[in-house]
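The structure appears right after this line, and notes come after that.
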Amino acid sequence: MRNITLVGFMGTGKTTAGRILARRLGYRFIDVDEEIEREQGVSISHIFSELGETYFRMLERDFIKALSFKEGLIISAGGGAVIDERNIEAMKTGGVIVCLTAAPDAIMKRVGNSANRPLLKVPDPMSRITELMGAREQFYRKADFTIDTTAMTPGDVAEEIIRLAAGKI
Ligand code: S3P
């Protein structure tokens with residue numbers, strides 16, 4: 001059983017849809033950010049503010065690489081993981097990559113004021129969302145499939161992933 005890695009911007013529903021997907025397929029669900037928090041014993045916000053984003057990216061890369069050698073996983077990767085080519089390669093080695101997208105105003109409603117999204121802790125999170133999304137678009141395009149979740153429920157997203165990935169996992 002090959003893995004399915006969910007990538008995409010913050011607030012596109014990777015974790016929520018991923019949990020449902022794992023349950024429906026009988027796969028194990030892994031959220032990379034949660035694993036990092038558990039291993040480090042501190043929050044992602046704390047890692048960003050005290051140790052820096054570069055350090056966080058290193059931890060993220062190590063986890064993604066280790067997961068690529070395992071099987072039967074639904075992996076939710078953090079929104080910035082795609083920027084590092086090594087992560088994309090590891091995700092492809094492990095299986096299929098599905099990118100979830102959503103309109104910026106939907107993202108803003110879902111996570112714009114979230115305390116645990118350090119990159120959005122700025123005076124104008126909406127501008128930051130559109131700016132980061134634009135800069136990352138080219139990386140998100142490297143996924144095998146893309147699903148716009150703006151008007152979908154997490155259950156619908158899980159079903160769509162099953163349909164798209166059928167025969168490839
Ligand atoms: C980040 C997204 C977050 C988390 C960290 C950085 C990003 O994950 O990894 O705050 O660079 O977009 P989610 O996409 O799960 O919110």
Side-chain angles (χ1 to χ4, degrees), residues 4-24 29-64 67 73-85 87-88 91 97-161 164:
I4 300 178
T5 303
L6 304 182
V7 301
F9 205 77
M10 294 171 262
T12 51
K14 301 180 294 283
T15 301
T16 316
R19 280 189 208 285
I20 298 172
L21 177 64
R23 218 167 30 235
R24 290 190 188 168
F29 177 75
I30 305 264
D31 181 289
V32 175
D33 285 348
E34 281 176 15
E35 293 298 314
I36 292 174
E37 287 184 329
R38 188 170 313 133
E39 195 203 57
Q40 298 289 309
V42 289
S43 68
I44 298 295
S45 289
H46 179 94
I47 298 173
F48 265 73
S49 64
E50 302 304 315
L51 305 163
E53 181 171 351
T54 307
Y55 185 73
F56 169 76
R57 296 296 172 201
M58 185 194 72
L59 297 173
E60 183 176 56
R61 192 166 60 241
D62 287 350
F63 262 100
I64 290 172
L67 294 174
L73 303 178
I74 303 298
I75 302 163
S76 171
V82 290
I83 292 168
D84 192 319
E85 181 66 34
N87 291 338
I88 298 279
M91 292 171 195
I97 308 178
V98 179
C99 179
L100 304 185
T101 66
D105 53 335
I107 303 269
M108 180 64 198
K109 268 194 216 122
R110 293 176 192 172
V111 295
N113 299 310
S114 152
N116 58 1
R117 291 328 195 283
L119 292 178
L120 300 182
K121 273 194 210 155
V122 291
D124 184 358
M126 186 65 186
S127 302
R128 172 56 76 83
I129 289 170
T130 47
E131 172 203 320
L132 272 178
M133 262 188 169
R136 290 177 176 181
E137 211 188 329
Q138 54 176 316
F139 301 106
Y140 290 134
R141 260 191 252 126
K142 296 181 181 173
D144 298 297
F145 306 105
T146 299
I147 302 171
D148 182 352
T149 70
T150 308
M152 292 172 84
T153 66
D156 291 342
V157 175
E159 279 315 301
E160 183 63 3
I161 296 170
L164 291 169

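What you see is a predicted model; the values in this text were computed from it and never measured.
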Margin query: Looking at every heavy atom in both Tyr140 and Cys99, which two are closest together, and how far apart are they?
Written below: CB-SG, 3.7 Å

Next item on the list: Can you measure from OG1 (Thr5) to NZ (Lys14) and round to the nearest 0.5 angstrom?
Entry: 12.0 Å

Notebook entry, point to check: Got a donor-acceptor contact below 3.5 angstrom from the Lys121 side chain to the Asn116 backbone?
Noted result: no

Next item on the list: Among Leu21, Ile20, Leu100, find the one that has a side chain to side chain contact (heavy atoms under 4.5 Å, CB included) with Val157.
Entry: Leu100

Note to self: Can you tell me how far apart CZ (Arg141) and OG1 (Thr101) are? Round to the nearest 0.5 Å.
What the structure shows: 12.5 Å

Checklist line | Beyond-backbone contact of Ile147 with Leu164, side-chain heavy atoms, under 4.5 angstrom | finding: yes

Notebook entry, point to check: Does Val82 offer a backbone N or O that forms a donor-acceptor pair with the side chain of Arg136 under 3.5 Å?
Noted result: no

Check: Between Thr150 and Ala102, is there a donor-acceptor pair closer than 3.5 Å when you use the side chain of the first and the backbone of the second?
Finding: no

Next item on the list: Mind checking the CD1-CD spacing from Ile75 to Glu35? Nearest 0.5 Å is all I need.
Entry: 10.0 Å

Margin query: Test your reading of the model: is there a side-chain donor-acceptor pair from Thr12 to the backbone of Phe9, 3.5 Å cut-off?
Written below: yes

Notebook entry, point to check: Would a 4.5 Å heavy-atom cut-off, applied to side chains only, mark Tyr55 and Ile47 as touching?
Noted result: yes

Margin query: If you define the side chain from C-beta out and look only at heavy atoms, does anything of Met10 sit under 4.5 Å from Leu132?
Written below: yes

Notebook entry, point to check: Phe29 and Thr15: which non-hydrogen atoms are nearest, and at how many Å?
Noted result: CZ-O, 3.7 Å

Notebook entry, point to check: Got a second to check how far Asp33's CG is from Phe56's CZ, nearest 0.5 Å?
Noted result: 4.5 Å

Check: For Ala81, does its backbone N or O pair with a side-chain atom of Asn87 as donor and acceptor, under 3.5 Å?
Finding: yes

Notebook entry, point to check: Considering all heavy atoms of both residues, which atom of Glu37 and which atom of Ile44 are nearest to each other, and what is their separation?
Noted result: OE2-N, 2.8 Å

Item checked: Closest non-hydrogen atom pair, Ser45 against Ala115 -> OG-O, 3.4 Å

Note to self: In the structure I gave you, are the side-chain heavy atoms of Arg128 and Leu119 within less than 4.5 Å of one another anywhere?
What the structure shows: yes

Check: To the nearest 0.5 Å, how far apart are CG in Leu67 and CG in Asp62?
Finding: 10.5 Å

Next item on the list: Of all the heavy-atom pairs spanning Pro125 and Met108, show the shortest one and how long it is.
Entry: CG-CE, 3.8 Å

Notebook entry, point to check: Are any non-hydrogen side-chain atoms of Asp84 and Glu60 less than 4.5 angstrom apart?
Noted result: no

Item checked: Spatial distance of atom CG (Leu6) from atom CZ (Arg19) [nearest 0.5 Å] -> 11.5 Å

Item checked: Evaluation steps, side-chain contact (heavy atoms from CB on, under 4.5 Å), between Ile107 and Met133 -> CA-CA 10 Å; Ile107 303 269; Met133 262 188 169; 3.8 Å; yes

Next item on the list: Could you pull out the closest heavy-atom pair between Ile83 and Phe139, with the gap in Å?
Entry: O-CE2, 3.9 Å

Margin query: With a 6.0 Å cut-off (strictly less than), is the heavy-atom count around CD of Glu137, excluding the residue itself, greater than 12?
Written below: no

Margin query: Within the 4.5 Å heavy-atom criterion, are Thr149 and Arg110 side-chain neighbours or not?
Written below: yes

